[in-house]
Every structure is written in C-alpha cells, then in structure tokens.
Amino acid sequence: MNFTKFPTNLSKYEIEAVCNQLKDSQIPDISLPAQNGNLLRLFRTDTFRLVIYCFPMTGHPDKPLPKNWNKIPGAKGCSLQNCTFRDNYNELIVQNSLPIGISTQSVEDLREMTIRLKIPYDILSDNQLKFAKSLKLPTFSIENKIFIERLTLIIEKSVIQHVFYPIFQPEKHIDEVLDWLSKN
C-alpha cells in the first residue's frame with residue numbers, strides 16, 4: 001500500500017470540509033492529561049504558537065499493534081513522526097512555536113513512548129475524545145477503539161490558523177510545518 005497517495009475513499013471535498021470547518025475556529029477550553037498525568041490546558045493566550053499534531057497511535061514494545069494496522073492509510077509512522085518533531089524541537093522553538101502531540105492512547109502508553117523516544121515536550125491523551133469530538137476531528141476505528149486521524153493544527157491565541165490534513169508522509173511532515181511557520 002502506498003502511504004503517499006490519498007486513499008480512494010477520501011474525496012477532495014471531505015478534505016476541504018475538515019480543513020474549512022477547523023481553520024479560524026477557536027479551540028475548546030479543555031485540559032487533557034499529559035504523559036506525566038498532569039493536566040495541560042490547551043486554550044491559551046500566550047505569545048507563542050502551539051503546533052498540535054494529532055496521531056493515531058505509537059507502537060508499544062510489549063503490545064501488538066491492532067490487526068492490519070499497517071494497512072490503514074495514514075496509520076503507520078506515528079513513532080517516526082514523533083521523532084521528527086523531537087529532532088526539530090529547537091527549530092520549532094526558534095519559530096516561537098511549541099509542539100504538543102495528541103493521541104487517544106492511555107497516559108501510561110504515552111509515558112512509555114515519551115521515555116523510550118526521549119520526547120522533550122508534552123504528549124496528551126485524548127482517550128475520552130473530548131478534544132476530537134469538540135472540534136469534530138476526523139477519526140477511524142479498529143478493534144472497537146477510536147483513533148484520531150493524523151493532522152496538525154497551528155494555533156495562535158487559541159485560534160486555529162492553519163490545518164495540515166491529511167498527512168501521509170509523517171517522516172516529511174515536519175518540513176511542511178517548519179516551512180509554514182517560517183512564512184507566517
């Protein structure tokens with residue numbers, strides 16, 4: 001399966017609908033638990049931008065992936081994407097931006113991942129889908145679990161300025177983000 005091309009079941013109109021309904025909207029005034037269990041409030045009026053990247057799920061060394069996980073368009077590559085944001089953390093800070101990851105995984109799984117991958121910033125658990133539902137983010141389900149589709153939101157003063165969706169090359173996505181930040 002080619003993860004660099006749009007799946008045939010995702011139309012141009014669906015992509016535009018997701019992006020249009022998110023851009024210029026305000027993020028919800030909610031807090032989500034980070035990998036350390038502490039709550040992080042997302043509604044902020046700070047002078048820096050938030051780069052919230054949502055990803056379905058990173059693998060866990062002691063747990064199998066859901067059946068056929070790597071055949072789902074856009075599912076594969078979450079650990080790699082987290083590593084590219086980690087590796088470019090200083091470049092994001094220079095752009096006055098703070099990365100935050102969001103997944104529907106448990107706090108415990110996110111803690112394991114951030115320690116193993118040495119992630120220096122917060123990864124939040126939206127396992128109750130508060131964030132995803134409030135923004136009507138695109139999701140998919142497998143084995144009775146709901147996952148957020150891979151997308152990135154650039155947020156300034158709690159307003160979504162830009163939406164990257166869909167993302168099928170997670171290893172190159174950080175380049176798109178840094179390019180957009182440098183021009184805006």
Side-chain angles (χ1 to χ4, degrees), residues 3 27-28 30-44 46-66 69-70 72 74-132 135 137 139 145-156 158 160-182:
F3 292 99
I27 64 167
I30 62 171
S31 299
L32 295 175
Q35 70 273 13
N36 58 11
N38 294 334
L39 292 175
L40 180 68
R41 185 175 184 211
L42 295 173
F43 187 89
R44 310 176 68 95
D46 302 312
T47 58
F48 56 85
R49 295 181 277 200
L50 296 180
V51 177
I52 296 182
Y53 66 98
C54 299
F55 59 94
M57 179 186 87
T58 60
H60 189 291
D62 300 327
K63 297 178 183 178
L65 291 172
W69 181 258
N70 290 333
I72 300 168
K76 184 178 180 180
C78 296
S79 294
L80 181 59
Q81 182 181 11
N82 275 286
C83 289
T84 62
F85 274 83
R86 174 203 65 201
D87 294 347
N88 288 277
Y89 177 75
N90 289 334
E91 287 83 355
L92 289 161
I93 297 300
V94 166
Q95 294 292 335
N96 196 35
S97 301
L98 181 66
I100 297 173
I102 296 182
S103 172
T104 57
Q105 290 179 268
S106 71
V107 168
E108 295 77 22
D109 283 346
L110 294 176
R111 181 179 306 117
E112 182 282 326
M113 183 269 295
T114 57
I115 291 169
R116 177 172 38 89
L117 299 179
K118 297 176 175 59
I119 304 295
Y121 50 85
D122 287 317
I123 304 290
L124 309 180
S125 174
D126 191 22
N127 63 352
Q128 295 179 357
L129 299 169
K130 289 162 71 176
F131 187 72
L135 288 174
L137 298 180
T139 60
K145 174 120 174 76
I146 298 173
F147 299 93
I148 302 171
E149 289 185 21
R150 190 185 316 275
L151 61 92
T152 298
L153 307 172
I154 308 293
I155 300 168
E156 190 168 358
S158 296
I160 298 170
Q161 301 296 316
H162 190 74
V163 180
F164 292 95
Y165 175 79
I167 300 165
F168 288 106
Q169 290 185 297
E171 73 282 2
K172 295 181 180 180
H173 175 56
I174 188 66
D175 298 330
E176 296 174 304
V177 171
L178 290 170
D179 183 58
W180 189 91
L181 290 170
S182 71

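Every value quoted in this text rests on a predicted model; they were computed, and no experiment measured them. For the numbers below, each heavy atom of this structure counts, side chains included, while hydrogens, waters and symmetry mates do not.
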Nearest heavy-atom pair of H60 and D109: which atoms, and what distance? CD2-OD1, 3.5 Å
With under 30° as parallel and over 60° as perpendicular, where do the rings of W69 and F147 fit, or are they tilted in between? perpendicular
Taking all heavy atoms of A75 and all of P56, pick out the closest pair and write down the distance. CA-CG, 4.2 Å
Evaluate whether atom CD of E108 has more than 12 neighbouring non-hydrogen atoms of other residues, nucleotides or ligands under 6.0 angstrom away. yes
M113 and I119: side-chain contact (heavy atoms from CB on, under 4.5 Å), yes or no, with the steps? CA-CA 8 Å; M113 183 269 295; I119 304 295; 4.0 Å; yes
Taking all non-hydrogen atoms of both residues, which atom of P33 and which atom of V107 are closest, and how far apart? CB-CG2, 3.7 Å
Contact between I102 and Y53 at the side-chain level, heavy atoms closer than 4.5 Å - yes or no? no
Flag side-chain contact, heavy atom, 4.5 Å: H162 against L153: no
Below 4.5 Å, heavy atoms only, C-beta onward: do C54 and R150 meet side chain to side chain? no
I'd like to check R116 versus P61 (side-chain heavy atoms, cut-off strictly below 4.5 Å). Are they in contact? yes
Say whether T84 and H173, considering side chains only, have a donor N or O and an acceptor N or O under 3.5 Å apart. no
Whether N36 side chain and N38 backbone form a donor-acceptor pair below 3.5 Å: yes
Could you go through N88 and V177, starting from their C-alpha distance and side-chain angles, then the distance that decides it, and tell me whether this counts as side-chain contact (heavy atoms from CB on, under 4.5 Å)? CA-CA 10 Å; N88 288 277; V177 171; over 6 Å; no
Is any side-chain heavy atom of I167 closer than 4.5 Å to a side-chain heavy atom of F55? no
Please report the shortest heavy-atom distance between I146 and T104, naming the atom on each side. O-OG1, 3.0 Å
Passes side-chain contact (heavy atoms from CB on, under 4.5 Å), Q81 versus E171? Steps please. CA-CA 6 Å; Q81 182 181 11; E171 73 282 2; over 6 Å; no
Whether over 12 other heavy atoms sit under 6.0 Å from K172 NZ: no
Student check: side-chain heavy atoms of C83 and K118 closer than 4.5 Å: no
Ignoring hydrogens and geometry, is there a side-chain-to-backbone donor-acceptor pair from S97 to I93 under 3.5 Å? no
Nearest atoms (heavy-atom pairs only) where P170 meets G77: CB-O, 3.7 Å
So do the side chains of L42 and L32 get within less than 4.5 Å of each other, counting heavy atoms only? yes
Under the side-chain contact (heavy atoms from CB on, under 4.5 Å) rule, what do I160 and I52 come out as? Steps first, then yes or no, please. CA-CA 10 Å; I160 298 170; I52 296 182; over 6 Å; no
Is it the case that the side chain of Q105 and the backbone of L110 share a donor-acceptor pair, with hydrogens and angles ignored and the cut-off at 3.5 Å? no
Is there a side-chain contact between N82 and T58, using heavy atoms and a 4.5 Å cut-off? yes
So which heavy atom on P99 is nearest to which on Y89, and how close? CG-CD1, 3.7 Å
